[in-house]
Novice: 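Just passing along the structure, written as structure tokens.
Keep in mind it's a predicted model, so treat the numbers as computed, not measured. Convention: sequence-line order gives letters A, B, ...; per-chain numbering from 1. Side chains are part of it too, since the values below use all heavy atoms of this structure and drop only hydrogens, waters and symmetry mates.
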Protein chains: 2
Amino acid sequence: MSRTVYYVAASLDGFIATPDHSLDWLLTRHIDEAGMLGPAAFVEGVGAIAMGAATYEWIRRHQDTWDYTVPTWVFTHRDLAGVDGAEITFTSAPVADVHAAMVGVADGRDVWVMGGGELAGAFADEGLLDEVAVAYAPVTLGSGAPLLPRRLELRLTEAARNGEFSCVRYDVVHPG
Amino acid sequence: MSRTVYYVAASLDGFIATPDHSLDWLLTRHIDEAGMLGPAAFVEGVGAIAMGAATYEWIRRHQDTWDYTVPTWVFTHRDLAGVDGAEITFTSAPVADVHAAMVGVADGRDVWVMGGGELAGAFADEGLLDEVAVAYAPVTLGSGAPLLPRRLELRLTEAARNGEFSCVRYDVVHPG
């Protein structure tokens, strides 16, 4: 069954990017692909991707290629340029409607909410977020983009070191 | 040799208290004393405690007893009431001077920086913080008192689950 997972890297103090949108503190770190939350292994289980406009623009600005082979939805109210050969849908539709379409496309594989925190929160607000998976880099940032600006109750399912990262997985506990 | 350790519980998203200073999200959780970062076992290795005024006042407001047997320094510019029978020093002296006194008293045991985050940051600013140890409770808070409002480079030394908590220890990497 398809699960909707917010899988993200963060600093120890809960930021996913510096105030100037840098990820230098993250991209220099070692993580073992065969270990817990190894990125390539995680992506193999994913059938659809959701991201916010800031995340999309960061990828376009910093990466020459589009590395994702599964259909991707970008939540935005702006008119953004797509990528040749990539299956990208820009949408300002309600999260629940888009989620239903994503689950249909994912066909049993997981829906990956890539970020940012506000988009993950919007999924959680609708009761559509099943899991939070965080790879903590060995750094505090002190300020920046918040991991998940909501109050959510979680249940720890897995915790392990992977390379320089401390990795954790949580199920979201839905109220009532 | 005495090490100076910021040992604290936090939410997944890096807050150590809610905006209204509640710890309800924390105190209901299970942690195994025999597991990693079990509180009583940690305290046994501690020879001196540092805390900020807000932490001190929270303890006084919420606990009938003073549970710490080692000398404690409270950093404050205000005139706070002590506790009968407890060895508490209120100080507004420079962190480095107080730290030297604490290490002397600790006599090889560790100095525990209990919090808050700003006090831990003040120790780090002076290059006096050796370790950051965090027990993450299974919750996001979305806002509140920050874990450690500084940019610090760390090195993961230990990561393990303990009860409902994900526990991590880091050495502080001093620049240069």
Novice: Measure across A/L128 and A/T4 and return the closest heavy-atom pair with its distance rounded to 0.1 Å.
Specialist: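 Here A/L128 and A/T4 meet closest at O-CB, 3.2 Å.
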Novice: Begin with the C-alpha distance, continue with both residues' side-chain angles, and end with the deciding distance and a verdict on salt bridge (charged side-chain N to carboxylate O under 4.0 Å, His left out) for B/E131 and B/R155.
Specialist: CA-CA 9 Å; B/E131 187 174 335; B/R155 186 171 46 236; over 6 Å; no
Novice: So for B/S11, is it side chain, backbone, both, or neither that comes closer than 4.5 Å to the heavy atoms of chain A?
Specialist: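 Contact with chain A is absent: no heavy atom of B/S11 under 4.5 Å.
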Novice: Please determine, among A/P146, A/A137, A/P138, A/A10, the option with the most heavy-atom pairs under 4.5 Å with chain B.
Specialist: A/P138
Novice: Taking the six-membered ring for Trp, is the centroid-to-centroid distance between B/F90 and B/F75 below 6.0 Å?
Specialist: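 Between B/F90 and B/F75, the centre distance exceeds or equals 6.0 Å.
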Novice: Using non-hydrogen atoms and a 4.5 Å limit, figure out which bit of B/L12 sits close to chain A: side chain, backbone, both or neither.
Specialist: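 Both backbone and side chain.
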Novice: Using heavy-atom distances under 4.5 Å, tell me whether A/L147 contacts chain B through its side chain, its backbone, both, or neither.
Specialist: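 Answer is side chain: those atoms of A/L147 sit under 4.5 Å from chain B.
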Novice: Can a donor-acceptor pair be found between the side chains of B/D20 and B/S22 at a distance below 3.5 Å?
Specialist: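 On atom types as modelled, these side chains do not qualify, holding no pair under 3.5 Å.
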Novice: Chain A heavy atoms under 4.5 Å from B/E153: which part of the residue, side chain, backbone, both or neither?
Specialist: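 Contact with chain A: backbone and side chain both.
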Novice: Would you mind checking which part of B/R29 comes under 4.5 Å of any heavy atom in chain A, side chain (CB onward), backbone (N, CA, C, O), both or neither?
Specialist: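 Just its side chain gets close to chain A.
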Novice: Under 4.5 Å heavy-atom distance to chain A, tell me which part of B/V172 shows up: side chain, backbone, both or neither.
Specialist: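 Answer is neither: B/V172 stays 4.5 Å or more from chain A.
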Novice: Among B/S166, B/C167, B/P149, which has the most heavy-atom pairs under 4.5 Å with chain A?
Specialist: B/S166
Novice: Please name the residue in the list A/Y7, A/Y6, A/F123 that meets the ring pair (Phe, Tyr, Trp, His ring centres under 6.0 Å) test with A/W112.
Specialist: A/Y7
Novice: Name the one of A/W73, A/Y68, A/W66 that satisfies ring pair (Phe, Tyr, Trp, His ring centres under 6.0 Å) with A/Y56?
Specialist: A/W66
Novice: Of all heavy-atom pairs between A/V134 and A/V132, which one has the smallest distance, and what is that distance?
Specialist: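 Where A/V134 meets A/V132 most closely, the heavy atoms are CG2-CG1, 3.8 Å.
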Novice: Below 4.5 Å from any heavy atom of chain B, which atoms of A/S143 appear? Answer side chain, backbone, both or neither.
Specialist: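 Neither part.
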Novice: At a heavy-atom separation under 4.5 Å, does B/F15 approach chain A through its side chain, its backbone, both, or neither?
Specialist: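 Neither part, no heavy atoms under 4.5 Å.
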